[in-house]
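Here is the structure we will look at, set down as structure tokens.
Just so it is clear, the model here is predicted, and its values are computed rather than measured. When a residue number appears, it is its place in the shown sequence, counting from 1.
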Amino acid sequence: MLWFSVISSVLASTPSTELIKPIHLEHALEPLPALAPTSHLVPSEGSHTVTVYGYVPNWIDRPLEIDFDSMTHVAWFDVGLDTNGNVTDTASWERIATEFVAQAHAHGTKVHLCVTVFDDPTQLAVLSNAEKRANAVDGLAFWVDTYGADGVNIDFEGLEVGLKDELVLFTQEISAAVDEVFVATPLKDWNGAYDYDELAAA
């Protein structure tokens, strides 16, 4: 509601001739009119850090041509895990990683390897077993370190609430093995399965 109110008030104070209309991609670099006079903007105090996080899917045609300058981090999507914690589906990462990491780093953009597990049996098998978690951590760290990437993105969707603590453990264990870890979480945690505070701490 607040977002709608802010947008409404900005649009109401802007003459209709200055409204931004949809543009073609080829015109994206052209300067656009401001939505509101700059005199309405009050800068906040203190230092500012912004993270702009993008996912790069392994099926796109020209991944080396994405706009690395617009992002602080990119996650290569994706590799998986089997029920023993072995890293699977690494072929796309192996093909692109050397060039992809070099290109991203040339723009000051960090690279994460995204590991996805969407099925309940694999989540249960890996997360509930310390040896299989360790196997997954070792494998992910290997694929990150081999190509000089910066970390791991954990994308375990539809997590059961019974694995809440185990996902935190897994995140902590990966955090000890690579430089950075990000966790993809649902927009709405219907099951209460994601411990946001502990995951953030990890």
Original post:
Is the side chain of Thr171 donor-acceptor paired with the backbone N or O of Leu167 at a distance under 3.5 Å, no angle test?
Top reply: yes

**OP:** Could you tell me which residues satisfy side chain to side chain donor-acceptor pair (under 3.5 Å) with Asp155, sequence neighbours excluded, listed by chain and number?
**Re:** none

Original post:
Which residues pass the side chain to side chain donor-acceptor pair (under 3.5 Å) test with Thr51, sequence neighbours left out?
Top reply: none

Original post:
Are Val126 and Asn135 side-chain neighbours, meaning at least one heavy-atom pair lies under 4.5 Å?
Top reply: no

Original post:
Are any non-hydrogen side-chain atoms of Ile96 and Pro63 less than 4.5 angstrom apart?
Top reply: yes

**OP:** Taking salt bridge (Lys or Arg N to Asp or Glu O under 4.0 Å) as the test, write out the residues that go with Glu173, two or more places apart.
**Re:** Arg133

Subject >> Minimum-distance pair of heavy atoms, taken over all atoms of Val52 and Ser70 >> reply: CG1-O, 3.2 Å

Original post:
Are any side-chain N or O atoms of Gln103 and backbone N or O atoms of Leu64, one a donor and one an acceptor, separated by less than 3.5 Å?
Top reply: yes

**OP:** Flag the pair His112 / Tyr53 as yes when their ring centroid distance falls below 6.0 Å, and as no otherwise.
**Re:** yes

Subject >> Residue list, side chain to side chain donor-acceptor pair (under 3.5 Å) with Tyr55, at least two apart or on another chain >> reply: Asn153

Subject >> Residue pairs involving residues 115-132 (criterion side chain to side chain donor-acceptor pair (under 3.5 Å); sequence neighbours excluded) >> reply: Asp78-Thr116, Asp119-Thr122

**OP:** Please identify each residue that fulfils side-chain contact (heavy atoms from CB on, under 4.5 Å) with Ser92, with sequence neighbours left out.
**Re:** Asn58, Trp76, Arg95

Subject >> Non-neighbouring partners of Glu157 that pass salt bridge (Lys or Arg N to Asp or Glu O under 4.0 Å), sequence neighbours left out >> reply: none

Original post:
Does any pair with a residue in residues 191-202 pass side chain to side chain donor-acceptor pair (under 3.5 Å), and if so which ones, sequence neighbours excluded?
Top reply: none

Original post:
Which residues pass the side chain to side chain donor-acceptor pair (under 3.5 Å) test with Asp189, sequence neighbours left out?
Top reply: none

Original post:
Which residues pass the side-chain contact (heavy atoms from CB on, under 4.5 Å) test with Glu94, sequence neighbours left out?
Top reply: Thr90, Trp143, Tyr147

Subject >> Side-chain heavy-atom pair Ile66, Val74 within 4.5 angstrom cut-off >> reply: yes

Original post:
Between Ile154 and Val181, is any pair of side-chain heavy atoms under 4.5 Å apart?
Top reply: yes

Original post:
Got a sec, which residues hit salt bridge (Lys or Arg N to Asp or Glu O under 4.0 Å) with Lys110, two or more places apart in sequence or on another chain?
Top reply: Glu180

Subject >> Gap separating the CG atom of Leu140 from the CG atom of Leu81, nearest 0.5 angstrom >> reply: 6.0 Å

Subject >> salt bridge (Lys or Arg N to Asp or Glu O under 4.0 Å) involving Glu65 - partner list, sequence neighbours excluded >> reply: Arg62

